[in-house]
Chemist: 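Take this structure, written in structure tokens, and hold onto it; I'll ask about it next.
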Amino acid sequence: MDKRIDKIILDALVEDIPTIDVTTDNLFTDEVSEGAFIAKEPGVLSGVEVMKRVFELLDETIDFKIINNDSTEVDTGDIIAIISGRTASILKGERVALNLMQRMSGIATLTKKFVDELNNDFTKILDTRKTTPNLRIIEKLAVIHGGGVNHRFCLSDQVMLKDNHIKTAGSITRAVEIVKSKIDHSIKVEVEVETYDQFIEAINTECDIVMLDNMSNDLMRKCVATNNSKLLEASGNMTVERIKDVSDTGVDFISVGALTHSYKAMDVSLKFSK
């Protein structure tokens, strides 16, 4: 497991148990229990391995058997995992494990809706940096589990020239020239455009990707028709209802901020055996 994910888990456990669990620690000592994590609604699983890691960090003696893996589609009532071991340890990790896994599964489920609506292998659904602070690694992992593709992870990964960069630099052409003169050749450069004139200027620079931001479908089709081999990304107000029409314009990527900021957490519960 990535050390960054371990840190997220450990920080969450400290947040939830800063000293002791005054309920559990005063009820149980060495008792053991068995339980099942059960889906209470249909969805795409993500965070099952993360959930397992919560209990590994809490108590290495706990046995956690995965029944349905990450990326699996489940129905109401399906068992996700079976857990057994010290009752106190299971109860202490339950909420942190569920909080992480339910949110990740919500992201994966929403991502799969977008991917399924496209129903093609040409256009890729991208996430964005509109993630929960300090939880980006697991939220972007959830996008992958739903069939999406990760855009840049952070500001260090790729050049993205947005409107304020371009205004300050003076023009799209000037902004691209400046960054290309300073960055390693392996770093991709993407330019955000909002009009057809900006698009024409962008495709005549040494950028690699052009983002068509908040454009109508007709304007995107016009850009695709006059493109000169640049990769094209559509962005702005992307919904499940609209995504197929946007894909049909011929763009390579569609970025959807909603994947990580407007999802609904999947309902999952832990039920102990008698």
Side-chain angles (χ1 to χ4, degrees), residues 111 114-115 117-118 120-131 133 136-137 139-141 143-144 147-240 242-262:
T111 302
F114 277 92
V115 172
E117 185 66 22
L118 283 186
N120 72 51
D121 296 324
F122 173 73
T123 313
K124 304 301 182 186
I125 295 294
L126 300 178
D127 55 22
T128 71
R129 287 171 42 249
K130 296 176 182 179
T131 54
R136 183 170 295 167
I137 186 171
E139 293 186 344
K140 281 183 170 283
L141 178 59
V143 169
I144 293 174
V149 175
N150 291 156
H151 203 299
R152 59 178 180 164
F153 186 84
C154 63
L155 294 174
S156 302
D157 287 346
Q158 175 184 304
V159 173
M160 172 74 80
L161 296 171
K162 298 175 77 68
D163 55 350
N164 288 328
H165 298 113
I166 293 165
K167 286 177 183 177
T168 305
S171 69
I172 291 171
T173 303
R174 181 62 180 147
V176 174
E177 287 175 348
I178 292 171
V179 296
K180 290 290 285 186
S181 70
K182 295 180 179 180
I183 62 173
D184 185 270
H185 71 278
S186 64
I187 298 176
K188 300 295 185 182
V189 176
E190 182 166 1
V191 176
E192 177 187 276
V193 301
E194 297 178 344
T195 67
Y196 185 69
D197 286 345
Q198 289 176 339
F199 173 75
I200 294 300
E201 181 180 2
I203 63 173
N204 285 293
T205 69
E206 292 185 34
C207 76
D208 303 286
I209 310 164
V210 180
M211 176 190 284
L212 311 178
D213 188 45
N214 286 298
M215 287 187 177
S216 67
N217 292 351
D218 286 341
L219 183 51
M220 282 190 279
R221 286 191 196 92
K222 184 177 180 181
C223 291
V224 170
T226 53
N227 186 30
N228 62 359
S229 78
K230 304 294 186 186
L231 291 170
L232 301 183
E233 174 187 340
S235 180
N237 299 311
M238 295 300 168
T239 63
V240 172
R242 184 189 177 205
I243 206 76
K244 184 66 168 62
D245 289 338
V246 174
S247 174
D248 288 344
T249 67
V251 295
D252 302 285
F253 307 104
I254 303 174
S255 54
V256 185
L259 299 182
T260 54
H261 70 60
S262 296

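Nothing fancy with the numbering, it's 1 onward along the sequence.
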Chemist: Leu155 versus Arg129: any side-chain heavy-atom pair under 4.5 Å?
Modeler: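 Side chain of Leu155 against side chain of Arg129, heavy atoms only: contact under 4.5 Å found.
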
Chemist: Between the side chains of His151 and Glu190, is a donor N or O closer than 3.5 angstrom to an acceptor N or O?
Modeler: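 Yes.
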
Chemist: Checking the side chain of Lys167 only, and the main-chain atoms of Lys162 only, is there a donor and an acceptor separated by less than 3.5 Å?
Modeler: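 Not at all, since once roles are kept as given, no pair shorter than 3.5 Å links the two residues.
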
Chemist: So which atom in Phe153 and which in Ile137 form the shortest heavy-atom distance, rounded to 0.1 Å?
Modeler: CE1-CA, 3.7 Å

Chemist: Tell me yes or no: between the side chains of Asp184 and Ser186, is some donor less than 3.5 Å from an acceptor?
Modeler: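 Present: a donor and an acceptor within the cut-off.
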
Chemist: Return the NZ to CG distance between Lys124 and Leu118, rounded to the nearest 0.5 Å.
Modeler: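 Reported value, rounded in 0.5 Å steps: 9.5 Å.
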
Chemist: Could you tell me if Asn217 and Asp245 have a donor-acceptor pair between their side chains, going purely by distance under 3.5 Å?
Modeler: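 There is no such pair (donor and acceptor under 3.5 Å, judged by atom type) between the side chains of Asp245 and Asn217.
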
Chemist: Walk me through whether Lys244 and Asp248 qualify under salt bridge (Lys or Arg N to Asp or Glu O under 4.0 Å).
Modeler: CA-CA 6 Å; Lys244 184 66 168 62; Asp248 288 344; 3.1 Å; yes

Chemist: Nearest 0.5 Å, what's the OG1-CD distance between Thr128 and Glu139?
Modeler: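 Output value for this atom pair is 9.5 Å.
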
Chemist: Should the heavy atoms of other residues, nucleotides or ligands under 6.0 Å from CZ of Arg242 be counted, would the total exceed 12?
Modeler: yes

Chemist: Looking at residues at least two apart in the chain, or sitting in another chain, which of them share a side chain to side chain donor-acceptor pair (under 3.5 Å) with Asn120?
Modeler: Ser247

Chemist: Please walk me through it: do Asn150 and Ile144 pass side chain to side chain contact (heavy atoms under 4.5 Å, CB included)?
Modeler: CA-CA 7 Å; Asn150 291 156; Ile144 293 174; 3.1 Å; yes

Chemist: When rounded to the nearest 0.5 angstrom, what is the spacing between CD in Glu201 and OG1 in Thr173?
Modeler: 3.5 Å

Chemist: Under a 3.5 Å threshold, yes or no: a donor from one side chain and an acceptor from the other, between Ser235 and Ser255?
Modeler: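 Note: Ser235 and Ser255 side chains meet the donor-acceptor criterion.
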
Chemist: Just how far is it from atom CG of Leu259 to atom OG1 of Thr111, taken to the nearest 0.5 Å?
Modeler: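 It comes to 4.0 Å.
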
Chemist: Flag the pair Phe199 / Thr226 as yes when at least one side-chain heavy-atom distance between them is below 4.5 Å, and no otherwise.
Modeler: yes

Chemist: At their closest point, which heavy atom of Ile125 faces which heavy atom of Val256, and how far apart are they?
Modeler: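 Closest heavy-atom pair between Ile125 and Val256: CG2-CG2, 4.2 Å.
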
Chemist: Measure the CE-CD1 distance between Met238 and Ile243 for me, rounded to the nearest 0.5 Å.
Modeler: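 Going from CE on Met238 over to CD1 on Ile243, the span is 6.0 Å.
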
Chemist: How long is the straight-line distance from NE2 of His261 back to CG of Asp127, given to the nearest 0.5 Å?
Modeler: 11.5 Å

Chemist: Please name the pair of heavy atoms, one in Val224 and one in Thr249, separated by the smallest distance, quoted to 0.1 Å.
Modeler: CG2-O, 3.3 Å

Chemist: Are side-chain heavy atoms of Ser171 and Arg174 found at a separation under 4.5 Å?
Modeler: yes

Chemist: Show your working on side chain to side chain contact (heavy atoms under 4.5 Å, CB included) between Phe122 and Asp252 and close with a plain yes or no.
Modeler: CA-CA 7 Å; Phe122 173 73; Asp252 302 285; 3.6 Å; yes

Chemist: For a 4.5 angstrom cut-off between non-hydrogen side-chain atoms, does Lys182 reach Val179?
Modeler: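 Answer no - side chains too far apart.
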
Chemist: Can you give me every donor-acceptor pair (side chain of residues 206-216, partner residue at least two apart or in another chain, under 3.5 Å) with its distance?
Modeler:
from	atom 1	to	atom 2	distance (Å)
Asp208	OD2	Val189	N	2.8
Asn214	OD1	Asn237	ND2	3.0
Ser216	OG	Leu219	N	3.1

Chemist: Can you name the closest pair of heavy atoms from Ile203 and Asn228 and give their distance?
Modeler: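 That would be O-ND2, 2.9 Å.
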
Chemist: Identify the heavy atoms of Ala202 and Ile172 that sit nearest to each other, and give their distance.
Modeler: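 Heavy atoms only, the tightest pair is CA-CG2, 3.9 Å.
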
Chemist: So which heavy atom on Lys130 is nearest to which on Thr260, and how close?
Modeler: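 Shortest heavy-atom contact: O-OG1, 2.7 Å.
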
